[in-house]
Protein chains: 2
Amino acid sequence: MGRVTIKDVARHAGVGLGTVSRVMNNHPRVSPETRERVLKAIRELGFRPNATARRLPRKTELRYIGVITHPFLLNYHSISERLRGVQTALSASDQGLDLALFSASSAAHFDSQLHHIVQANAVEGLLIVDFDMSDDQVQRLRQARIPFVGLNHLRGRSWPCIGTDNEYGGYVATRYLTELGHRRIAYIGDNMVDEYGFSTSQERYIGYKRALTEAQIHLNTRYVRLGDHSYRMAYDITQELLQLAQPPTAIFAMSDLQAAGIIAALRAADVHVPADVSVIGYDDTELAMALGLTTICQHLEQSGRLAAGYLLALIAGADTPPPTLPNSQLIVRQTTQPPKHRLS
Amino acid sequence: MGRVTIKDVARHAGVGLGTVSRVMNNHPRVSPETRERVLKAIRELGFRPNATARRLPRKTELRYIGVITHPFLLNYHSISERLRGVQTALSASDQGLDLALFSASSAAHFDSQLHHIVQANAVEGLLIVDFDMSDDQVQRLRQARIPFVGLNHLRGRSWPCIGTDNEYGGYVATRYLTELGHRRIAYIGDNMVDEYGFSTSQERYIGYKRALTEAQIHLNTRYVRLGDHSYRMAYDITQELLQLAQPPTAIFAMSDLQAAGIIAALRAADVHVPADVSVIGYDDTELAMALGLTTICQHLEQSGRLAAGYLLALIAGADTPPPTLPNSQLIVRQTTQPPKHRLS
DNA sequence: TTGAAAGCGCTACCAT
DNA sequence: ATGGTAGCGCTTTCAA
């Protein structure tokens, strides 16, 4: 597509380049007639000035830190917490860096977004939320000399990531339940991993399994359910779990929101929490506080702050190792207690 | 500050301009020695290429839709819902527009951000979340031909805004309570208005007053409390309200999160909801669903979608009136009922 | 493999 | 008030 430039407009209006520019910039010294003629030409040609070209002679720099994430994540509490941390770090640094938010709805889309970002030299640095990258993708960013930091936990990744260990989180939550004496423990996760390569749920599941193994509890796959991470889904799954001949005495969920759905479903079925069933959530949101929910705190806001701060350091040319985030932490509230009867 | 350019690097390394460029772009046909010499020069001079200048000859356009908001808002559920709507509209349009998130922590900061955005020609269009603008600021955006849409309700604004009427929302919630027979109705809002010119809480308060007046209820200022919009604050304020000689029989809150704090405080004081005290929240978040909270739905995600869609139309040169968002809606759940005794 | 030079699309200055 | 022109900092040909 041969874009319409200021030159075309000038020719079309029968004026000089400078005049068109003056009209665009509301320069006072343009006669009303000429101005009208130029505006008409602009309209007729559908001219839209090239922002990059305007910036160059004006010498107004525009610098961004990019954040790339999945649009579904915008549903989640986790993203706004992390974004908040990122913004905090950015404002604090006062380097005139703004935040560009890219979203990628599939692995292919992620790749094309990455391509776009590199090609357009869009950002000074990139925060990659939860997505994993192929060696090739890492290579491309390195070659383009765009510093990047993952906003999630480093597990088998060859590039710096900041986040808490999901395997550990899953382990700690489940171990707490086994220590309380539970043996029929359900896990409700999400299935994003299959579609998008997010491994969060899977990692926590591995921790869950490890805790079961340690407690010599046989893994019952009926207790493992994956859905779409919504309140509603957790509600429905809980109803199904209650239909089992041996329903679980404890449920560990992927998020506080799911836990809320679980609690609601239990309440609706007149099953008492925690007397009949214990529930553990994840994220330590204000929702968990509101519900008195036992949960795992993964320091989301802080992770955003640290990751952005580290990225800024990398941009400034630092060659230091990434900062460490405190590990996940079990927050015990009122939705967990030993099971009524010790069963096997 | 005379920035270091590629020219300086070339001179310093004793090579031509093109060679420096080739090194920066990992061009294969550069001898290892020359490459090393150039890299050394780059390091020594602290050279950082100008992203704008790189984009120009590459002809890779980079276009953003800006969203400007207050960093505190990132705490709120409302912002992620709206951002999600914006992203949805942006992706759907498939125009290669990305999202730039600006945050302004004060009125002065907002003004300077606006200046920066205009000056740098940073965005194709701007969504202004909750901030109000002076005539001068509106004028500046108009002059720069940057289309803009407010992401909040239009009340006394001369520019297009998309959002539900807060006065109406406050009115509907309060009227529902008066109709149930409540006469001692508290309002818990936030105090952002003073510091930042956000009028959300104030507008709802006006609706609250109107409903009281209609029901011939005298406004008791002890029942009107403003805080910082957190769960904690609402919790504390509720404790104070319970100390009053005549505690309220109903509480209307600025957000579902506050409502959750209120309910928790009431429960802690062994006051039953809704038997002893009714509670209404705002936003219809999943938290409200989880708590069975009566609340006001203000169609946040949809407002983001509509506003972004409309902005895209404006950018494309449309001259249509803004779309209309369905008005706020009362969602009755289980935290409201008539007061125990009819009191005056 | 390298240097020189011609743009990229626009702004802003210098004349007129 | 307007047209011509010299950059803005970089990429990418074209020769050598």
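Every chain is numbered from 1, with letters handed out A, B, ... down the list of sequences.
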Indicate every side-chain donor-acceptor pair of residues 142-152 of chain B with a distance under 3.5 Å to a residue at least two apart or in another chain.
{"unit_1": "Arg145(B)", "atom_1": "NH2", "unit_2": "Asn26(A)", "atom_2": "OD1", "d": "3.1"}

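Below 30°, between 30° and 60°, or above 60°: for Phe102(A) and His116(A) the angle between ring planes is above 60°, a perpendicular geometry.
Here the range on DNA chain C touched by chain A, meaning any atom under 4.0 Å from one of its heavy atoms, is dG9(C) to dC13(C).
Listed by first and then second residue, the salt bridge (charged side-chain N to carboxylate O under 4.0 Å, His left out) pairs that reach into residues 106-118 of chain B are Asp111(B)-Arg140(B), sequence neighbours excluded.
For the 3.5 Å distance criterion, the side chains of Arg55(A) and Asn50(A) fail to qualify, holding no donor opposite an acceptor.
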Give the B/S/- string for nucleotides 8-16 of chain D, one per nucleotide from 5' to 3', where a protein heavy atom under 4.0 Å of the base yields B, of only the sugar-phosphate yields S, and otherwise -. BBBBBB---
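The backbone N or O of Arg84(B) lies less than 3.5 Å from a partner atom in the side chain of Thr88(B), making a donor-acceptor pair.
By the side chain to side chain contact (heavy atoms under 4.5 Å, CB included) test, Thr320(A) is found to be paired with Tyr310(A), Ala318(A), residues two or more places apart in sequence or in another chain being considered.
At a threshold of 4.5 Å between non-hydrogen side-chain atoms, the residues Asp98(B) and Gln113(A) count as touching. A heavy-atom distance below 4.5 Å is found between the side chains of Gln302(A) and Arg305(A).
Salt bridge annotation for Lys40(B)-Glu44(B): present, with a cationic side-chain nitrogen under 4.0 angstrom from a carboxylate oxygen.
With the end axes of the helix from dT1(C)-dA16(D) to dT16(C)-dA1(D) each set by five pairs, the angle from one to the other reads 40° at 10° resolution.
Distance check: Phe47(A) CZ to Met24(A) CE gives 4.5 Å after rounding to the nearest 0.5 Å.
For Arg37(A) and dG3(D), the CZ to C1' distance is 13 Å, given to the nearest whole Å.
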